[in-house]
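Since the structure comes first, as structure tokens, the remarks are kept for the end.
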2 protein chains.
Amino acid sequence: MARPGGRSARVQQAVHAAVHELEAEVGREALTVPLIASRAGVTPSTVYRRWGDLRELLSDVAVEHLRPEAEPEDTGELAADLTVWAEQFLDEMASPSGRAYIRDALLGDPEGANAGQCSAYAAEQIGTVLRRAADRGEQRVPDAETVLDRVVAPMMYRILFRPGGLDADYARRLVADCLTPERDRR
Amino acid sequence: MARPGGRSARVQQAVHAAVHELEAEVGREALTVPLIASRAGVTPSTVYRRWGDLRELLSDVAVEHLRPEAEPEDTGELAADLTVWAEQFLDEMASPSGRAYIRDALLGDPEGANAGQCSAYAAEQIGTVLRRAADRGEQRVPDAETVLDRVVAPMMYRILFRPGGLDADYARRLVADCLTPERDRR
DNA sequence: CAGCTAACGCAAAAGAATAGCTTTTGCCCT
DNA sequence: AGGGCAAAAGCTATTCTTTTGCGTTAGCTG
């Protein structure tokens with residue numbers, strides 16, 4: 001955006017707020033650009049020009065919803081920190097609204113910038129957990145890439161491609177397997 | 001569908017064929033229901049009634065594209081079989097058209113049936129590879145779930161959420177790590 | 001072969017998206 | 001401060017998509 005301040009900023013905020021309100025009032029399926037624009041006190045053409053289409057707008061909004069609200073909990077031990085974080089992550093992402101936001105974020109975003117942001121959020125939180133562990137002097141702290149591959153990716157894959165059968169125990173198993181590489185599998 | 005044979009089947013095939021043709025001719029972005037319907041020799045309302053909207057239709061077509069065309073190669077050894085398969089899988093899925101099909105399949109499919117089908121295709125191919133290995137009497141053959149979690153899921157996650165930086169070497173590493181669980185990580 | 005009904009065609013109407021042009025409003029420069 | 005430039009929003013007409021109601025066709029069943 002060439003003009004971050006003033007009217008542009010107000011319009012962006014009004015439109016995002018309108019999406020939030022209308023999502024709650026009429027449901028995601030019933031959202032349309034004219035409806036959102038009218039609620040935001042803006043003309044539809046403004047929305048089309050700024051966002052291109054409804055999908056891209058919803059993609060933007062979805063990324064906001066997916067931003068973590070707090071720092072990961074600090075229990076004093078890596079395994080517990082990661083487990084708690086993974087359980088909560090899975091819980092949020094696998095819920096109906098979480099799945100809807102993920103899909104929206106992926107969808108209206110051919111370049112992958114919004115999707116990349118989602119991954120960056122997770123990477124950031126994991127980085128925090130791992131850094132704490134390293135600062136405490138814990139041994140065998142994996143790197144963030146490994147945790148993304150071994151914990152986050154399987155959860156996301158199942159959320160997107162294999163609906164059903166996801167629970168906190170699965171998250172715990174992934175974390176445990178990730179932290180104990182010598183464990184034998186059949 | 002209550003009437004699998006006759007006209008219904010012909011319409012379905014004509015519409016799918018029209019999508020294929022037009023994808024090649026005008027590009028995915030330019031596809032519209034009226035355009036597809038006219039090419040298929042059908043009225044738009046028929047398409048809307050059968051598929052609901054464009055996204056669901058494209059989701060159906062995408063799943064067809066994602067169906068594997070051949071059995072996995074048989075090299076006589078599990079590690080090589082899996083490596084070859086993963087390399088090819090990543091290559092196809094990470095390509096621009098592969099990514100587009102994945103997104104389409106996920107998108108127009110609130111129930112997740114089409115997405116589940118994609119995962120089932122991969123599981124089937126992996127199952128074939130693992131079964132061969134077991135029949136040969138190889139030791140330490142993982143189960144299909146493990147391969148999905150450790151090989152397929154990370155590739156898919158990166159394709160969807162972290163564009164860029166994907167190559168055959170990554171696929172090889174995932175397979176190797178999956179087959180040698182005692183390997184130490186930092 | 002006769003009846004039933006799902007599925008399609010047709011056409012009208014509602015709604016959404018686009019494009020051209022005008023107006024407003026930040027922002028920068030003197 | 002004031003003036004000029006250009007980005008962004010408003011307005012409106014037009015096009016295209018989507019929905020809907022009703023009549024027709026054509027598989028399926030007895």
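Here is how names work: the chains are called A, B, and so on, in the same order as the sequence lines, proteins then strands, and each is numbered from 1.
Contact between the side-chain N/O atoms of B:Arg10 and the OP1/OP2 oxygens of D:dG27 is found at a separation under 4.0 Å. Neither OP1 nor OP2 of D:dA8 sits under 4.0 Å from any side-chain N or O of A:Ser8.
Between the CD atom of B:Gln12 and the C1' atom of C:dA7 there is a distance of 13 Å, rounded to whole Å. In this structure, B:Arg7 atom CZ and D:dC28 atom P are separated by 12 Å, rounded to whole Å. Taking atom CZ of A:Arg50 as the reference point, atom P of C:dT18 lies 17 Å away to the nearest angstrom. Rounded to an integer number of Å, the gap from CG of A:Leu54 to C1' of C:dA16 is 11 Å. As a whole-Å value, the separation of A:Trp51 CH2 from D:dA8 C1' is 12 Å. Regarding B:Leu58, its CG atom lies at a distance of 14 Å from the P atom of D:dT17, rounded to whole Å. The CG atom of B:Asp53 sits 8 Å away from the P atom of D:dT18 (whole-angstrom rounding).
In this view, B:Glu25 and B:Arg39 satisfy the salt bridge (Lys or Arg N to Asp or Glu O under 4.0 Å) rule, not counting sequence neighbours. When the salt bridge (Lys or Arg N to Asp or Glu O under 4.0 Å) test is applied to B:Arg162, the partners found at least two apart in sequence or on another chain are A:Glu145. Partners of A:Glu87 according to the salt bridge (Lys or Arg N to Asp or Glu O under 4.0 Å) rule, which considers only residues two or more places apart in sequence or in another chain, are A:Arg172.
Looking at residues 18-31 of chain A, you'll see that no heavy atom sits under 4.0 Å from any atom of DNA chain D. Only B:Val33, B:Pro34, listed by number, bring a heavy atom of residues 33-42 of chain B to less than 4.0 angstrom from any atom of DNA chain D.
Using a 4.0 Å cut-off between charged side-chain N and carboxylate O, B:Arg150 and A:Asp149 make no salt bridge.
Looking only at atom types and distance, the side chain of B:Asn114 has a donor-acceptor partner in the side chain of B:Ser59 under 3.5 Å away.
Listed by first then second residue, pairs satisfying ring pair (Phe, Tyr, Trp, His ring centres under 6.0 Å) with a partner in residues 56-83 of chain A read A:His20-A:His65, A:His65-A:Tyr101, not counting sequence neighbours. Within the structure, every pair that satisfies the salt bridge (charged side-chain N to carboxylate O under 4.0 Å, His left out) test and touches residues 89-107 of chain A, not counting sequence neighbours, is listed here: A:Arg28-A:Asp104. Residue pairs meeting the salt bridge (charged side-chain N to carboxylate O under 4.0 Å, His left out) criterion with at least one member in residues 51-61 of chain B: none, sequence neighbours excluded. The stretch residues 72-81 of chain A participates, sequence neighbours left out, in these salt bridge (charged side-chain N to carboxylate O under 4.0 Å, His left out) pairs: A:Asp74-A:Arg132, A:Asp74-A:Arg136, A:Asp81-A:Arg132, A:Asp81-A:Arg136. Sorted by first and then second residue, the ring pair (Phe, Tyr, Trp, His ring centres under 6.0 Å) pairs involving residues 145-169 of chain B (not counting sequence neighbours) are B:Tyr157-B:Phe161.
Applying the 4.5 Å side-chain rule to ILVMFWY residues, one finds B:Tyr121 in the same cluster as B:Val63.
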Under 3.5 Å, which protein N or O atoms sit close to an N or O of nucleotides 20-22 of chain D? Give each pair with its distance.
residue : atom : partner : partner atom : Å
D:dG21  : O6   : B:Arg49 : NH2          : 3.1

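The nearest heavy atom of DNA chain C to A:Pro44 and to B:Thr43 marks one nucleotide each, and the one closer to the 5' end goes with B:Thr43.
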